[in-house]
Amino acid sequence: MLQRLRHAEIMRRVRLSGATSVSDLASQLGVSPSTIRRDLEVLDRDGTLRRVRGGALILDGEVNVDADADRPFAEVAEVDEQDKEAVAVRAAELVQDGDVVLLDIGTTTMRLARRLRGRRVTVVTSSLAVLDVLRSDPEVELLLLGGALRRPYHSLVGVLTEAALSQVVADRVFLGASGVRPDGQLVDTTLAEVPLKRAMIAAAGQVVLLVDRHKFPGTGALRVCGPDDIDVIVTNEGADEATLRNCAAAGAEILLT
């Protein structure tokens with residue numbers, strides 16, 4: 001990961017939680033603790049955050065429960081690309097011809113959409129990134145949920161989107177999230193997206209969570225659902241084992257790439 005992208009990701013995570021540790025950041029970003037320490041020293045010198053022993057604190061007044069709100073979609077897409085692609089490839093294997101699938105917003109579901117090109121499936125989504133991938137494919141029946149445009153993250157949100165979801169009956173939903181807590185709770189950072197994720201869960205016969213290994217245990221201020229609401233988790237080798245065990249104990253099937 002490029003240094004500027006790593007710094008942006010560090011700031012996103014610190015703004016979300018208010019404080020974080022070197023070890024957590026190293027695990028989540030897939031780099032060494034020494035690299036994280038150097039990054040924190042640079043960010044501290046810049047006055048972006050406060051470096052403390054073992055980690056970092058956000059500066060007063062900087063905590064943000066919607067930490068992705070101003071972060072460009074293209075920038076998010078470049079983070080952990082290989083892990084996201086591996087998850088998308090494995091997830092595509094779960095889709096059968098004739099399925100009706102709900103695709104959540106996010107960069108991993110966008111990658112999954114690419115894997116569904118040429119397939120005889122129905123895709124329902126509030127993601128404009130998924131729309132861009134599939135709009136010209138004559139094989140895929142594409143249903144776009146309406147709503148208010150959330151420009152930075154290429155998605156539609158709000159009561160119109162929720163109302164449209166109430167009319168949907170899908171075979172499965174492929175859901176994204178900001179993180180999975182150690183007890184298996186699914187969490188997110190974006191207030192506007194949480195009710196949509198819950199509505200997607202309610203509209204689908206099977207709930208498939210797509211999260212790369214860096215989101216275990218993960219962070220997020222807003223609860224989406226419990227581990228008992230998730231049927232399948234697709235993630236990478238190296239995801240936190242204790243968190244995965246808790247999810248499996250609640251009934252989720254774990255698929256590792």
Side-chain angles (χ1 to χ4, degrees), residues 30 76-145 154-155 165 168-180 184 186 197 200-216 218 224-225 227-241 243-257:
V76 178
E78 292 180 4
V79 177
D80 304 320
E81 290 182 279
Q82 292 183 344
D83 288 334
K84 291 175 181 178
E85 184 65 23
V87 168
V89 169
R90 183 66 180 88
E93 297 173 1
L94 302 177
V95 180
Q96 305 296 317
D97 287 349
D99 276 356
V100 177
V101 296
L102 265 168
L103 294 190
D104 193 9
I105 61 106
T107 56
T108 304
T109 50
M110 176 189 68
R111 291 175 180 275
L112 171 57
R114 292 172 182 163
R115 296 284 168 175
L116 297 180
R117 286 173 176 157
R119 300 281 301 274
R120 291 188 175 276
V121 295
T122 299
V123 173
V124 186
T125 189
S126 60
S127 168
L128 300 184
V130 170
L131 170 66
D132 287 342
V133 169
L134 297 175
R135 67 197 311 163
S136 62
D137 192 321
E139 296 297 326
V140 176
E141 183 175 355
L142 183 60
L143 303 180
L144 184 65
L145 301 166
H154 296 193
S155 65
L165 276 167
V168 174
V169 178
D171 294 297
R172 57 185 53 82
V173 59
F174 291 95
L175 204 66
S178 296
V180 183
L186 186 64
K197 292 179 187 294
M200 286 184 176
I201 290 171
Q206 184 185 55
V207 179
V208 184
L209 179 62
L210 306 185
V211 280
D212 65 71
R213 61 190 175 91
H214 303 287
K215 294 184 178 180
F216 289 85
V224 176
C225 67
D228 52 325
D229 294 309
I230 305 298
D231 298 303
V232 181
I233 295 175
V234 185
T235 189
N236 314 109
E237 294 279 359
D240 183 72
E241 293 183 2
T243 304
L244 289 177
R245 282 197 299 271
N246 288 332
C247 293
E253 179 183 2
I254 310 298
L255 301 179
L256 298 177
T257 65

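Residues: numbered from 1 along the sequence shown.
For the residue pair Asp104 and Thr125, the shortest heavy atom distance occurs at O-OG1, 4.4 Å. When every heavy atom of Asp83 is checked against every heavy atom of Arg213, the shortest pair comes out as OD2-NE, 3.0 Å. The two residues Ser126 and Ile105 have their closest heavy-atom pair at OG-CG2, 3.6 Å. Between Ala113 and Leu134, the shortest heavy-atom contact is O-CD2, 3.4 Å. Between Leu144 and Ser127, the closest heavy-atom pair is CD1-O, 4.3 Å. The two residues Ile201 and Cys225 come nearest to each other via the heavy atoms CD1-SG, 3.8 Å.
Asp171 has its side chain out of reach of Gln206: every pair of non-hydrogen atoms, C-beta onward, lies at least 4.5 Å apart. Counting only heavy atoms from C-beta outward, the side chains of His214 and Lys84 never approach each other to under 4.5 Å. By the 4.5 Å heavy-atom criterion applied to side chains, Ile230 and Cys247 are not counted as neighbours. Two residues are said to be in side-chain contact when any heavy atoms from C-beta on lie closer than 4.5 Å; Asp97 and Arg119 meet this criterion. Residues Leu186 and Asp229 form no side-chain contact, since every pair of their non-hydrogen atoms from C-beta on lies 4.5 Å or further apart.
One distance of note links CG of Leu175 with CD1 of Ile233; it measures 11.0 Å at 0.5 Å rounding. With rounding to the nearest 0.5 angstrom, the OG1 atom of Thr109 is 10.5 Å from the CG atom of Leu116. Distance check, rounded to the nearest 0.5 Å: CG of Leu94 to CZ of Arg172 gives 6.5 Å. Between atom CD of residue Glu141 and atom OG1 of residue Thr122 there is a gap of 4.0 Å, rounded to the nearest 0.5 Å.
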Requested in this report: Go through Leu165 and Leu102 one step at a time and tell me if the side chain to side chain contact (heavy atoms under 4.5 Å, CB included) criterion holds.
Outcome: CA-CA 10 Å; Leu165 276 167; Leu102 265 168; 3.7 Å; yes

Query raised in the report: Passes side chain to side chain contact (heavy atoms under 4.5 Å, CB included), Arg111 versus Glu81? Steps please.
Result: CA-CA 10 Å; Arg111 291 175 180 275; Glu81 290 182 279; 3.5 Å; yes

Requested in this report: Show your reasoning for whether side chain to side chain contact (heavy atoms under 4.5 Å, CB included) applies to Val169 and Val100.
Outcome: CA-CA 8 Å; Val169 178; Val100 177; over 6 Å; no

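Considering only residues two or more places apart in sequence or on other chains, Asp231 meets the salt bridge (Lys or Arg N to Asp or Glu O under 4.0 Å) condition with none of them. Residues forming a side chain to side chain contact (heavy atoms under 4.5 Å, CB included) with Glu139 (at least two apart in sequence, or on another chain): Arg120, Asp137. For Asp240, the side-chain hydrogen bond (donor to acceptor under 3.5 Å, both in side chains) criterion is met by Thr243, not counting sequence neighbours. Judged as a side chain to side chain contact (heavy atoms under 4.5 Å, CB included), and not counting sequence neighbours, the contacts of Ala91 are Leu112, Phe174, Leu210.
For the pair Arg114 (side chain) and Ala88 (backbone), a donor-acceptor distance under 3.5 Å is absent. In this structure a side-chain-to-backbone donor-acceptor pair under 3.5 Å is present from Lys215 to Ala177. Under a 3.5 Å cut-off, the side chain of Thr235 and the backbone N or O of Val211 do form a donor-acceptor pair.
Remark: of the listed residues Asp212, Leu209, Thr108, Val87, Val87 is the sole one forming a side-chain contact (heavy atoms from CB on, under 4.5 Å) with Val234.
Within the structure, the salt bridge (charged side-chain N to carboxylate O under 4.0 Å, His left out) test picks out no pair touching residues 122-131 (sequence neighbours left out). Among residues at least two apart or in separate chains, side-chain hydrogen bond (donor to acceptor under 3.5 Å, both in side chains) pairs with a member in residues 246-257 are Asn236-Thr257.
We find that Glu93 and Arg90 are joined by a salt bridge, their nearest charged nitrogen and carboxylate oxygen being less than 4.0 Å apart.
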